[in-house]
There are 2 protein chains.
Amino acid sequence: MPLPFDLLADPTRRRILGLLLRRPYLVGEMAHELEMSQPRVSKHLRVLRDAGLVTVRAEAQRRWYVLRPEPLADLDAWLAPYRRLWTERLDALERHLETMPDTPMERSRHAAEES
Amino acid sequence: MPLPFDLLADPTRRRILGLLLRRPYLVGEMAHELEMSQPRVSKHLRVLRDAGLVTVRAEAQRRWYVLRPEPLADLDAWLAPYRRLWTERLDALERHLETMPDTPMERSRHAAEES
DNA sequence: CATCAATATACCCCTCTGGTTATATAACGG
DNA sequence: CCGTTATATAACCAGAGGGGTATATTGATG
């Protein structure tokens with residue numbers, strides 16, 4: 001199964017995943033919350049489902065869509081070799097600070113990004 | 001600056017980044033190693049450069065392209081909230097196994113994926 | 001200065017995809 | 001049964017972008 005980059009390239013799909021991060025959603029709920037047409041949401045959900053990023057549970061005419069994080073874990077794995085490139089710098093800084101125990105230290109920060 | 005998903009959606013660009021993960025490269029070298037035309041490589045490098053994923057150092061007519069991992073760190077940050085979804089399961093498994101020390105254990109598997 | 005080497009850009013074509021509107025499908029309520 | 005609700009799909013359109021070939025640019029070299 002290929003990596004889900006093309007899926008995540010679409011901002012609409014990222015918004016959908018953002019919703020599903022909180023809880024399972026109905027199609028209509030998503031369309032309403034994201035202020036977009038129902039066919040538009042359905043089409044994207046089709047793509048996400050084909051790629052294994054979501055699963056569906058039917059309940060009468062309702063369809064509960066649930067996030068399936070495995071493909072994102074694959075993406076995470078793909079990132080691994082690149083991750084060294086920026087963690088190494090932080091590690092180096094850490095080691096450096098350790099050699100200067102009398103220097104006042106700053107705490108590292110982390111920024112979250114929303115698309 | 002937007003997340004680099006659209007950039008990574010293209011397999012050619014991922015191959016280029018794969019090269020740059022090892023060392024800086026010249027345009028011609030990449031074109032040769034990836035067996036594609038030079039304009040094709042140049043075009044993708046333009047996109048990558050505009051998005052801040054690579055930097056260039058000129059040396060006569062040569063152009064050394066260097067990977068710049070910061071945008072990938074942004075992507076990593078974007079993944080963070082989703083990462084909980086699969087690490088929690090592993091953590092739960094871990095805790096579970098800790099409570100049953102006499103039960104024979106199976107090893108978990110991990111699949112690596114290449115694009 | 002003429003030529004060659006390395007790279008960037010222009011232009012054209014063609015496919016892919018995301019959006020819209022209209023319609024099909026299917027299950028519920030009266 | 002009949003209308004209504006929830007969702008999926010079809011048909012169509014417009015724009016984006018990736019690929020190729022040709023050409024511009026810039027620096028080295030004899």
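Note that the structure is a prediction, hence the values are computed from the model and not measured. By convention in this document, chain letters (A, B, ...) are assigned in the order of the sequence lines, proteins followed by strands, and residues within each chain are numbered from 1.
Taking the side chain as every heavy atom from C-beta outward, A/Trp86 and B/Pro69 approach each other to under 4.5 Å. At a threshold of 4.5 Å between non-hydrogen side-chain atoms, the residues A/Leu67 and A/Leu19 do not count as touching. A heavy-atom distance below 4.5 Å is not found between the side chains of B/Leu34 and B/Arg40. With contacts defined as side-chain heavy-atom distances shorter than 4.5 Å, the pair B/Leu8/B/Leu72 qualifies.
Once you apply a 4.0 Å limit to the heavy atoms of chain B, the touched nucleotides of DNA chain D run 5' to 3' over D/dG18 to D/dA28.
Under the side chain to side chain donor-acceptor pair (under 3.5 Å) criterion, B/Glu35 pairs with no residue, sequence neighbours left out. Remark: A/Phe5 pairs with A/Trp78 by the ring pair (Phe, Tyr, Trp, His ring centres under 6.0 Å) rule, at least two apart or across chains. Looking at residues two or more places apart in sequence or on another chain, you find no salt bridge (charged side-chain N to carboxylate O under 4.0 Å, His left out) involving A/Glu33.
Closest heavy-atom contact between A/Pro4 and A/Pro71: CG-O, 3.6 Å.
Put simply, CD1 on A/Ile16 and OG1 on A/Thr12 are 7.0 Å apart, with the number rounded to the nearest 0.5 Å. The distance from the CG atom of A/Leu17 to the CG atom of A/Leu7 is 8.5 Å, given to the nearest 0.5 Å. Interatomic distance, CD of A/Glu70 versus CG of B/Leu85, reported as 9.5 Å (0.5 Å rounding).
Residues in residues 40-61 of chain A take part in no ring pair (Phe, Tyr, Trp, His ring centres under 6.0 Å) pair, two or more places apart or across chains.
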Problem set entry | Nucleic acid footprint by protein, nucleotides 12-17 of chain C - heavy-atom cut-off 4.0 Å, B for base, S for sugar-phosphate alone | ------
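Overall bending of the helix from C/dC1-D/dG30 to C/dG30-D/dC1, expressed as the angle between end axes built from five pairs apiece, is 10° (10° steps).
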Under 3.5 Å, which donor-acceptor pairs link side chains of residues 46-56 of chain B to any protein atom two or more places apart or in another chain?
unit_1: B/Arg46; atom_1: NH1; unit_2: B/Asp50; atom_2: OD1; d: 2.6
unit_1: B/Arg46; atom_1: NH1; unit_2: B/Asp50; atom_2: OD2; d: 3.0

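A 6.0 Å sphere centred on CZ of A/Arg23 holds more than 12 heavy atoms belonging to other residues, nucleotides or ligands.
Salt bridge annotation for B/Arg13-B/Asp6: absent, with no cationic side-chain nitrogen under 4.0 angstrom from a carboxylate oxygen.
Between A/Thr12 and C/dG19 there is a side-chain N or O to OP1 or OP2 distance below 4.0 Å.
Grouped by direct or indirect side-chain proximity (heavy atoms under 4.5 Å, Ile/Leu/Val/Met/Phe/Trp/Tyr only), A/Trp64 sits with A/Leu26.
Contacts between residues 29-41 of chain A and DNA chain C, defined by a heavy-atom separation below 4.0 Å, involve A/Ser37, A/Pro39, A/Arg40, listed by number. Within residues 20-28 of chain B, the residues that have a heavy atom under 4.0 Å from DNA chain C are, in order of number, B/Leu26, B/Val27, B/Gly28. Listed by residue number, the members of residues 51-64 of chain B with any heavy atom below 4.0 angstrom from DNA chain C are B/Gln61, B/Arg62, B/Arg63.
Here the side chain of A/Arg57 pairs no donor or acceptor atom with the backbone of A/Arg63 at under 3.5 angstrom.
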